[in-house]
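Contents: one structure, followed by commentary.
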Amino acid sequence: MATNRSGAAQRPNGAPQTKVCQFKLVLLGESAVGKSSLVLRFVKGQFHEYQESTIGAAFLTQTVCLDDTTVKFEIWDTAGQERYHSLAPMYYRGAQAAIVVYDITNQDTFGRAKNWVKELQRQASPSIVIALAGNKSDLAAKRMVEFEEAQAYADENGLLFMETSAKTAMNVNDIFLAIANKLPKSEGGGSAGAGGARRLGDAEQARSSSCCK
Amino acid sequence: MNEEALLARASEERERIFQRYERGRENLIGQIDPWEDPEFEDYHKTDRYGFIHDERLPQKTGPQKVNIEVEREKKWVKMLTNWDSPATKEKLHRRIYKGIPNSLRIKVWCKLMDVNKIKSANPGKFQEMLKLAKLWSTDVRQIDSDVNRQFREHQFYRERYSEKQCSLFNVLCAYSMYNSEVGYCQGMSGLAGVLLMYMDEEDAFWALAVLLSDKKYAMHGLYIEGFPKLTRFLEHHDKILTKFMPKLKHHFDKFGLDAILYSLKWFFVCFVERVPFSLCLRVWDIYLLDGERVVTAMAYTILKLHKKAIMKLNDMDLIVNYIQVKLHKDFGFEDDIVIYHLERSMEELKRAKLDYPGPPPPNELPKRQLGLFVEPDKKSKIGQRAENFSETEKQARATVILRREKAAIELQELRVSQSDTVSEHSGVAGGIRCDDSVSALGSRRSLADTSVTSTADLSVFSSGRSHAMDNSLDTHSNVSDDATGSDGSGICGLSIQRAPSTAHSTPRATPHPPSVSPMSDDVVRIHVTYNPRAGSPHLHPISPSKYKAYNNEEHHKPVSLGFYSNGSTNLPSDNRIRIQVPSESEELLTPVVDAGNNITPRFIESHTEMYGS
């Protein structure tokens, strides 16, 4: 007779279990800084020079593998134009992570990024993990925002910070990985104010294993 | 930086951007960044509308079609010369639904929108607005960045600062001054971009003005702060779905998919970049004739035509990708077929009095006089993000959140009523109309496949939120494997009745392991204890045909499912079933809870003393 098993602890097929966590991540930032391009690079490995402007919001998912955990990101990519700002809280509501993006060739977009960080600190879940991405680092010749300036700002505010390039793929996966590493992955999700990680069933795990080959 | 310096910087930026468009491509040689321009290509193909394709053209216009179009052109030329005649009025509807010949589209569109009338009533206005924009428009940076990415795969817009790019910039900048309440809102570049494929700058400007402020189209309410018209039309769209395609609505709700995510561009830009361009033009033809109810009907038509495919997608990103990306690349139906269905949809909606959400309330209409100069305030001049939301914005956001919450509650209620229906074994889900006949076979399959065999303790899980639907199949495949590996000495079968919320489950080619996570949103664990008296070790899942019989006749007896193949017709007294629903479930979506409650008495009635042990 087979022994009773507690179904929660083991997979029926006996394979070792990897913890799978699901997080809601939102991208914010001024229009045309490259939010959608970062997502497209991260999710599909592609880059379009003329990425269609995001109207409202877009939704994509991607999974990353850490040592003992698989993290599935539900990514909400928002529109940058001020008019759509009012819809943003719909998307960052309940988000466990945010990437605030600016364009290193445009000082104004850095100022806007700071405003977004302020808004998140004020309105979003207190335990939200915020990353600051200085995008378009391939255009370093036209740089208007110094790396050190942004790094200092990020340090002051406890943000993850990287300069990225969706075009060359520089630091794109890295910034998502850094977020995945920083997110609390405890069971029950009590540690994260926004509900914490939502663990996935194996069914979902099996199909979202694009990076776990 | 102080305010003055910020103002100066903003105005410098505006002038710099303007100057580049004024000089145009020829005068900017060596000054256009390489990344702003597409790479030089030796060879590519351009379709009849001007879009450039790297590969083979998606659709060939056969010689037969060309002949038809030539014939139509003759008729249209005649009609255009007698535009106001009764004969034209009589034929116009039928001919427009057949499609305006592309070569005459510009003329017909201008007639339908009466562009000449508004243009001749406002001589010099466009140039005046453009001049004002150069001095005052606060939307120049946004317009510039959108012109840089609108229709870049079209020959007109491919090269940076090409003539049409400059026109697009001018039309949008001028309009941002003409209608100071709207200014520029992302999405408008798509509208103006299409118009400019057919019209010159000034005509396109006035056509845009007509689209926004003429009551037939009334797009003004879409673009203003808080997007009131969008909210109103999305609510109406949801109403249509609830009435005509409740299962699809339910499917969307299950994944928390709000219409605002998948259909925004349908309403905002009348299907530009959401359906193939040839079809988009056909819809525009009809939209320009019949106005805003066409958008409502087309939204319904798209979902109607693709309902089956969408119902098979069990992830929000798959659904969104299908609706937004796949359908843009390949709609899967000939344009004529789609238009046929669109016309039927319009009739259908009209009969149900759902063709029109009603005339625009005052808050969707322009309040200020159009074309009147209003000096922007300092904040918008500098381009500072507002610190706080306006009341309108707060309201818009609350509406969407409320709609989501309402949908979640409705979903739960629906599931309750469905599980009631299950316990009563009526074939039709409570609250669901039969006309939504998606994959009835699938439901049978899934139920049949859920009938599993196993040794001793058996744990079956419904999966988390996103995959509840096809889980029954996975469960089957995996638990069967499990059974094979056991000693097989004593076997009992278990049939799990699932609420018809799983009715659209579709068999998948590659089964995956069942969910065992205790953190899944919807989890029901059914333990069946080992029963030594249950005879045959070879219980098989019942076939769909058997399920049918079960569903029709012997449904009141779970044993008729082949529960015990030793011929026992009564539940053995030592068989225990515990139904456990973990309390960690963090979201509302726990349909099986109710299903479980309804199953419980049926199975355990005579074993209450053991329940929960």
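A quick note: this is a predicted structure, and the numbers were derived from the prediction, not measured. FYI, side chains are in, hydrogens and waters are out, and symmetry mates aren't considered; it's all heavy atoms of this structure.
With values rounded to the nearest 0.5 angstrom, B:Q142 atom CD is found 8.0 Å from A:S53 atom OG. Distance check, rounded to the nearest 0.5 Å: CE of B:M188 to CD1 of A:I55 gives 11.0 Å. Note: A:S37 OG to B:R149 CZ = 8.5 Å, rounded to the nearest 0.5 Å. Here B:D315 contributes atom CG and A:L60 contributes atom CG; the two are 11.0 Å apart, rounded to the nearest 0.5 Å. Taking OG of A:S31 as the reference point, atom CG of B:D144 lies at 10.5 Å (rounded to 0.5 Å). The distance from the CD atom of A:E82 to the OG1 atom of B:T138 is 10.0 Å, given to the nearest 0.5 Å.
Heavy atoms closer than 4.5 Å to chain A are found nowhere in B:E153, neither backbone nor side chain. Residue A:I75 does not touch chain B at all, counting heavy-atom pairs closer than 4.5 Å. Residue B:L230 does not touch chain A at all, counting heavy-atom pairs closer than 4.5 Å. Of the two parts of A:A88, neither the backbone nor the side chain holds a non-hydrogen atom closer than 4.5 Å to a non-hydrogen atom of chain B.
Here the shortest heavy-atom pairing between A:Y91 and B:I260 reads OH-CG2, 4.3 Å.
Applying the salt bridge (charged side-chain N to carboxylate O under 4.0 Å, His left out) definition to pairs two or more places apart or across chains, those involving residues 255-268 of chain B are A:E52-B:K265, B:D258-B:R403, B:D258-B:R404, B:K265-B:E273. Under the salt bridge (charged side-chain N to carboxylate O under 4.0 Å, His left out) criterion, the residue pairs touching residues 94-109 of chain A are A:D103-A:K136, A:D108-B:R9, A:D108-B:R141, with sequence neighbours excluded.
Considering only heavy-atom pairs separated by less than 4.5 Å from chain B, the leading option among A:K167, A:Q51, A:H48 is A:Q51. If you tally non-hydrogen atom pairs under 4.5 Å between each of B:S145, B:G190, B:C185, B:G183 and chain A, the highest count goes to B:C185.
Salt-bridge check for A:E49 with B:R160: failed, with every basic side-chain N at 4.0 Å or more from each acidic carboxylate O.
A distance-only check finds no donor-acceptor pair linking the side chain of A:R83 to the backbone of B:F227 [under 3.5 Å]. Using a distance-only test at 3.5 Å, with no hydrogens or angles considered, a donor-acceptor pair links the side chain of A:Q81 to the main chain of B:Q186.
Using a 4.5 Å heavy-atom cutoff, the side chains of B:I319 and A:F59 are not in contact.
In this structure, A:Q121 places its CD atom where more than 12 heavy-atom neighbours from other residues, nucleotides or ligands lie under 6.0 Å away.
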